[in-house]
Amino acid sequence: MSERNTGYQFVSTDTEAVESLLISIYEKITGVSVKPASPEKLFIQFVAAVVIQERGLNNYTGNQNIPSRAEGENLDALAELFYVTQRPAAQAAVCTERFHISEEQTTAILIPAGTRVTDASGTLTWETVADAYVSIGETYADVQIRCQTVGAIGNGYAVGQINTFVDLFDYCERCENLTASDDGADQATDDEFYELMRASQDAYSCAGAKGGYIYFAKQVSTKIADVVANSPSDGAVDLYVLMDDGTIATTELKNAVLAACNDDTVRPLTDKVSVKDPQKVSYNITFTYYVPKDSSLSSTEIKAAVDKAVAEFVAWQCGKLGRDINPSVLIGKLMQTGIKRVALTSPVFTTLRDGSDDTTPQVASVGTITATNGGYEDE
């Protein structure tokens, strides 16, 4: 069953209750008392096991008719009840590539759609999405390229890293990407698809509802974790996008969000849509932890557990726009690692803006992390 919700129990699967019911029915029909070690008791237990299995299947089938509990293809089938009818598919990463020619020409030089490039190690292959021309008198042209392998695997190639030709064209000399690759996304998980289905209900509005803008923005990529839409002035709609790794959206993805939310079928005529960056609020993590003297864990195991707890806190802290910097959450995670106590210096509790008052939302951004082992202490 999905982590979104535990399964709803339509019928009881209590084995003792089913056995008791079958025994009472048998005794009523036959007039014979069922003894603990009798063949009748063994046969009734067998029948009870079959009944319990069938009840389990009935519960599962019932839950697959509830969107919050359905999984896989069953969830896909329920999508037709919502504005979004298909699970978002995996998307290829994109970026802007600059192609150079050796010298200026007296005619425009065609860079055909589908021209392929790669990085120095040839890990992934990219292709131009449309024909492009190096104009007369120019020595380069810029065009969008798309990774031939769909998914988030194509994200994160740094500027200049995609610099090797696979296909050549007239007078080609060199190439490099001008923007970091982004916008690649894996197919939506059940949890992501369900949340998108719920958000899609706001898309029925033609009045530019906040929820509608958030829905259309999230449809751009499954890598988008949070979106805030506010209206600082009449007719203005500002969208703020946060990625699932806590980073602010890249230029490529913000352009994609703007295109999706600025479409004539989405945006009312009077709205002016912009995609802006939330404000980062930096914080540091500094603490000393102490280990109980009778701990069964080694110092290496304790350190690994502490580092994992800190990483989980950092991911949680930057996972939502406007989430207050909350050291209590960090302490709670650390206290589950097997340490005795923690002396936390920073961060301190800090309230962040969530944009609900039409101001720029804020997001926490971790700086330095200093975790010191203070040694052993008695209980």
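No experiment lies behind these values; they were computed from the predicted model shown. The residues of the chain are indexed from 1 along the displayed sequence.
- The shortest non-hydrogen separation linking Asp186 to Ala152 is OD1-N, 3.1 Å.
- Of all non-hydrogen atoms in Ile325 and Ala364, the two that sit nearest each other are CG1-CB, 3.8 Å.
- Counting only residues at least two apart or in different chains, side-chain hydrogen bond (donor to acceptor under 3.5 Å, both in side chains) contacts with residues 141-163 comprise Arg98-Asp142, Glu127-Arg146, Glu127-Gln148.
- One hydrophobic cluster, built from ILVMFWY side chains closer than 4.5 Å, cannot hold both Ile145 and Val159; they sit in different ones.
- Leu334 and Trp316 fall within a single hydrophobic cluster, where Ile, Leu, Val, Met, Phe, Trp and Tyr are joined by side-chain heavy atoms under 4.5 Å apart, directly or via other members.
- A salt bridge between Lys254 and Asp277 is present, with a side-chain N of the basic residue lying under 4.0 Å from a carboxylate O of the acidic one.
- Side chain of Asp245 to main chain of Thr247: a donor-acceptor pair is present (N/O by atom type, distance under 3.5 Å, no hydrogens or angles).
- No hydrogens or angles considered: nothing links the side chains of Thr189 and Asp191 as a donor-acceptor pair under 3.5 Å.
- Environment of CZ in Phe43: sparse, with no more than 12 heavy atoms of neighbouring residues, nucleotides or ligands closer than 6.0 Å.
- Under a 4.0 Å N-O distance rule, the pair Lys303/Asp307 qualifies as a salt bridge.
- To the nearest 0.5 Å, atom CE of residue Met197 and atom CD of residue Glu192 are 13.5 Å apart.
- Residues forming a ring-ring contact (aromatic ring centres under 6.0 Å, His included) with Tyr376 (at least two apart in sequence, or on another chain): none.
- Considering only heavy atoms from C-beta on, Asn284 stays 4.5 Å or farther from Val366 through its side chain.
- With sequence neighbours excluded, the residues forming a side chain to side chain contact (heavy atoms under 4.5 Å, CB included) with Leu253 are Asp182, Asp183, Ser221, Ile224, Val241, Met243, Ala249, Thr250, Val257, listed by chain and number.
- Applying the salt bridge (charged side-chain N to carboxylate O under 4.0 Å, His left out) rule to pairs touching residues 336-352 yields Lys340-Glu377, Arg341-Glu377, sequence neighbours excluded.
- Taking the salt bridge (charged side-chain N to carboxylate O under 4.0 Å, His left out) definition, one finds that Lys280 meets it with nothing, sequence neighbours left out.
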Which atom pairs, one a donor and one an acceptor, fall under 3.5 Å between side chains of residues 109-117 and the rest of the protein, sequence neighbours left out?
unit_1 : atom_1 : unit_2 : atom_2 : d
Thr115 : OG1    : Pro112 : O      : 2.6
Arg116 : NE     : Asp167 : OD1    : 3.4
Arg116 : NE     : Asp167 : OD2    : 2.8
Arg116 : NH2    : Asp167 : OD1    : 2.9

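- By the salt bridge (charged side-chain N to carboxylate O under 4.0 Å, His left out) test, Lys293 pairs with Asp378, sequence neighbours left out.
- The CD atom of Glu97 lies 7.5 Å from the CG atom of Leu178; values are rounded to the nearest 0.5 Å.
- Looking at Thr139 and Glu104, their side chains never bring a donor and an acceptor atom within 3.5 Å of each other.
- Residues satisfying the ring-ring contact (aromatic ring centres under 6.0 Å, His included) test with Phe193, not counting sequence neighbours, are none.
- Of the possible donor and acceptor atoms, none in the side chain of Asp271 sits under 3.5 Å from a partner among the backbone N and O of Arg267.
- Both Tyr283 and Leu330 are members of a single hydrophobic cluster when ILVMFWY side chains are connected at heavy-atom separations under 4.5 Å.
- In this structure the side chain of Lys35 never reaches within 4.5 angstrom of the side chain of Lys41, judged on heavy atoms.
- For the pair Leu75 and Glu71, the minimum side-chain heavy-atom distance is 4.5 Å or more.
- Side chains of Gln45 and Thr15: no donor on one and acceptor on the other come within 3.5 Å.
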Derivation and outcome, side chain to side chain donor-acceptor pair (under 3.5 Å), residues Glu252 and Thr179: CA-CA 8 Å; Glu252 296 282 352; Thr179 59; 2.9 Å; yes

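- Contact between Cys261 and Leu239 at its shortest, heavy atoms only, is SG-CD1, 3.6 Å.
- Side chains of Ser231 and Asp358: no donor on one and acceptor on the other come within 3.5 Å.
- In this structure, the side chain of Thr222 does not engage the main chain of Gln187 through any donor-acceptor pair within 3.5 Å.
- Using a 4.0 Å cut-off between a side-chain N of Lys or Arg and a carboxylate O of Asp or Glu, Asp354 and Lys320 do not qualify as a salt bridge.
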Which atom pairs, one a donor and one an acceptor, fall under 3.5 Å between side chains of residues 22-32 and the rest of the protein, sequence neighbours left out?
unit_1 : atom_1 : unit_2 : atom_2 : d
Ser24  : OG     : Ser20  : O      : 3.3
Ser24  : OG     : Leu21  : O      : 2.7
Glu27  : OE2    : Val34  : N      : 2.9
Thr30  : OG1    : Tyr26  : O      : 2.8
Thr30  : OG1    : Val32  : N      : 3.2

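- At a threshold of 4.0 Å, the pair Arg353-Asp324 does not count as salt-bridged, since none of the basic side-chain nitrogens sits closer than that to a carboxylate oxygen.
- Side-chain atoms of Asp263 never come within 3.5 Å of backbone atoms of Ala259 as a donor-acceptor pair (strictly under, hydrogens ignored).
- Put simply, Leu124 and Phe165 are part of the same group of oily side chains (I, L, V, M, F, W, Y) that touch within less than 4.5 Å, one to the next.
- Side-chain polar atoms of Asp357 and Thr359 form a donor-acceptor pair below 3.5 angstrom.
- The main-chain N or O of Val220 is found under 3.5 Å from a side-chain atom of Gln91 such that the two form a donor-acceptor pair.
- Contact between Cys147 and Ala92 at its shortest, heavy atoms only, is O-CB, 3.2 Å.
- Under 3.5 Å, the side chains of Thr123 and Ser121 contain a donor-acceptor pair of N or O atoms.
- Taking the six-membered ring for Trp and thresholds of 30 and 60 degrees, Tyr289 and Phe287 have ring planes inclined between 30 and 60 degrees apart.
- No more than 12 heavy-atom neighbours from other residues, nucleotides or ligands sit within 6.0 angstrom of OH on Tyr171.
- Taking the salt bridge (charged side-chain N to carboxylate O under 4.0 Å, His left out) definition, one finds that Asp244 meets it with Lys223, sequence neighbours left out.
- Between Tyr140 and His100, the ring-plane angle classifies as tilted under the 30° and 60° cut-offs.
- Not one N or O on the side chain of Thr372 forms a donor-acceptor pair closer than 3.5 Å with the backbone of Gly374.
- Using a 4.5 Å cut-off on side-chain heavy atoms (C-beta onward), Leu196 and Pro88 make contact.
- Between the side chain of Asp238 and the backbone N or O of Asn230 there is no donor-acceptor pair closer than 3.5 Å.
- Neither side chain, Asp226 nor Tyr240, offers a donor N or O lying under 3.5 Å from an acceptor on the other.
- With sequence neighbours excluded, the residues forming a ring-ring contact (aromatic ring centres under 6.0 Å, His included) with Phe10 are Tyr8, listed by chain and number.
- Tyr194 places a side-chain heavy atom less than 4.5 Å from the side chain of Pro67.
- Residue pairs satisfying the side-chain hydrogen bond (donor to acceptor under 3.5 Å, both in side chains) criterion with at least one member in residues 46-55, sequence neighbours excluded, are absent.
- No continuous path of hydrophobic side-chain contacts links Ile153 to Val94 [ILVMFWY only; heavy atoms under 4.5 Å].
- Closest of all the heavy-atom pairs between Thr337 and Ile302 is O-CD1, 3.8 Å.
- Considering every non-hydrogen atom in both Asn74 and Gln64, the closest pair reads ND2-OE1, 3.0 Å.
- More than 12 heavy-atom neighbours from other residues, nucleotides or ligands sit within 6.0 angstrom of CZ on Phe349.
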